[in-house]
Amino acid sequence: MRRDARRNVERLATAAGQVFKERGLDAPLEEIARAAGVSAGTLYNRFGGRDALIDAVMPDVVEAKVREAMTRADAEDDPWDGFALYVTLLCEMQAGDLAMNDAVSRRYADAKRLNEICEAQMDGVRGLIAKAHAAGKLRPDFTAEDLPYLLWTTSTIVRATAGRAPDAWRRALAFTLDGLRPAAAHPLPAPPLTAEQVHAVMLDLGARRAGQGR
């Protein structure tokens, strides 16, 4: 790659990181190109499209933040505290950074590296859940495939209330976490989604949102 082309890639990656953080991963690509001081054609020539640009910018950020959250959760002595801390830290990431809010939703089918990182962290999530189950601190019918419900809910609340009540998601999450304790459990009316269903739902959400943005 020529020096000027490499410089354009670096400018685009830097601009994308900032615009995505402020506007989310659905931010107009033309706005990113303007922020980088290049044409939209240059962006498409270098990255091909949105998912490839996301995959160039987000994976390292997501991996570092998720790893830190898991490390802090694993350090908790009480299994419930570890599980609740991990969920809370993920939601804090969503609330503090619209790019992270969108990244954890896994709505971008062709952002392959980002999806691989999100999938890899599920092993750690299953470990936290298993420890909380074994200690009798988490209702026994909660599965790793139920975690996206919490993230989808937080994502919606964050976008709806950010300008007026930026901590509203914390109240909603507290209600949810209280409902996940064994003492609050009642029989559930439907089974959990499978991992395949969760992924399909995320991609459907992404396709619908992309259609609305056109």
Side-chain angles (χ1 to χ4, degrees), residues 17 20-21 24-25 58-107 113-162 165-188 190-195 197-199 201-202:
F20 283 154
K21 182 174 182 178
L25 298 184
M58 293 304 301
D60 289 342
V61 177
V62 172
E63 186 173 31
K65 291 187 175 183
V66 170
R67 186 190 306 117
E68 179 185 1
M70 185 61 68
T71 298
R72 291 179 59 184
D74 279 335
E76 292 290 327
D77 292 331
D78 184 275
W80 168 261
D81 290 343
F83 169 77
L85 176 61
Y86 182 76
V87 172
T88 300
L89 291 174
L90 286 188
C91 292
E92 284 180 350
M93 292 177 204
Q94 291 181 273
D97 185 334
L98 288 180
M100 286 294 298
N101 190 29
D102 291 337
V104 297
S105 72
R106 295 172 62 190
R107 294 186 288 109
R113 185 165 167 243
L114 177 60
N115 286 326
E116 288 170 359
I117 288 169
C118 290
E119 181 60 33
Q121 61 93 29
M122 291 304 292
D123 289 338
V125 171
R126 292 185 178 92
L128 290 176
I129 291 172
K131 287 192 290 186
H133 280 159
K137 299 292 185 72
L138 176 66
R139 57 184 298 161
D141 51 2
F142 183 86
T143 73
E145 284 67 42
D146 292 316
L147 180 62
Y149 298 151
L150 280 67
L151 303 181
W152 295 336
T153 300
T154 300
S155 177
T156 300
I157 294 171
V158 164
R159 286 189 171 274
T161 64
D167 284 335
W169 66 269
R170 293 185 182 276
R171 181 178 175 89
L173 179 60
F175 282 131
T176 300
L177 289 175
D178 278 350
L180 292 179
R181 292 182 180 274
H186 292 86
L188 295 172
L193 299 179
T194 65
Q197 286 174 316
V198 170
H199 190 51
V201 168
M202 289 172 169

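- No side-chain heavy atom of Ile117 sits less than 4.5 Å from a side-chain heavy atom of Met58.
- Taking every heavy atom of both residues into account, Leu138 and Phe83 meet most closely at CD1-CE2, 3.9 Å.
- Once rounded to the nearest 0.5 Å, the distance linking CG of Leu180 with CG of Leu147 reads 9.5 Å.
- Checked by atom type and distance alone, the side chain of His133 never pairs as donor or acceptor with a backbone atom of Thr143 at under 3.5 Å.
- Minimum interatomic distance between Arg72 and Leu89 (heavy atoms only, all atoms of both residues): NH1-CD2, 3.5 Å.
- Looking at heavy atoms from C-beta onward, Asp60 lies in side-chain contact with Arg113 at the 4.5 angstrom threshold.
- With hydrogens and angles disregarded, no donor-acceptor distance shorter than 3.5 Å links the side chain of Ser155 to the backbone of Leu151.
- Using a 4.5 Å heavy-atom cutoff, the side chains of Ile157 and Thr153 are in contact.
- Atoms CZ and CD1, from Phe142 and Ile129 in turn, are 5.0 Å apart once rounded to the nearest 0.5 Å.
- Checking each of Gln197, Arg126, His199 against Glu145 for a side-chain hydrogen bond (donor to acceptor under 3.5 Å, both in side chains) leaves exactly one that passes, namely Arg126.
- Going from atom CD of Glu92 over to atom CG of Asp97 covers 13.0 Å, rounded to the nearest 0.5 Å.
- Summarising the geometry of Cys118 relative to Ala103, their closest heavy-atom pair is SG-O, 3.9 Å, with the distance given to 0.1 Å.
- Side-chain contact between Tyr149 and Thr176: absent, with no pair of heavy atoms (C-beta onward) separated by less than 4.5 Å.
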Query raised in the report: What do the steps show when you test Lys131 against Asp74 for side chain to side chain contact (heavy atoms under 4.5 Å, CB included), and what is the final call?
Result: CA-CA 10 Å; Lys131 287 192 290 186; Asp74 279 335; 3.7 Å; yes
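- Contact detail for Ala69 and Met93: the closest heavy-atom pair is CB-CE, 3.7 Å.
- A heavy-atom distance below 4.5 Å is not found between the side chains of Phe20 and Asp102.
- Shortest non-hydrogen contact noted between Thr154 and Cys91 is OG1-SG, 3.3 Å.
- Within the model, atoms CG of Leu177 and CZ of Arg170 stand 11.5 Å from one another, a figure rounded to the nearest 0.5 Å.
- Here the closest heavy-atom approach between residue Tyr86 and residue Ala73 is recorded as CB-CB, 3.8 Å.
- Between atom CG of residue Leu90 and atom CG of residue Asn101 there is a gap of 11.5 Å, rounded to the nearest 0.5 Å.
- Formation of a donor-acceptor pair under 3.5 Å by the Arg139 side chain with backbone atoms of His186 is found in this model.
- Rounded to the nearest 0.5 angstrom, Lys137 NZ and Asp78 CG are separated by 3.5 Å.
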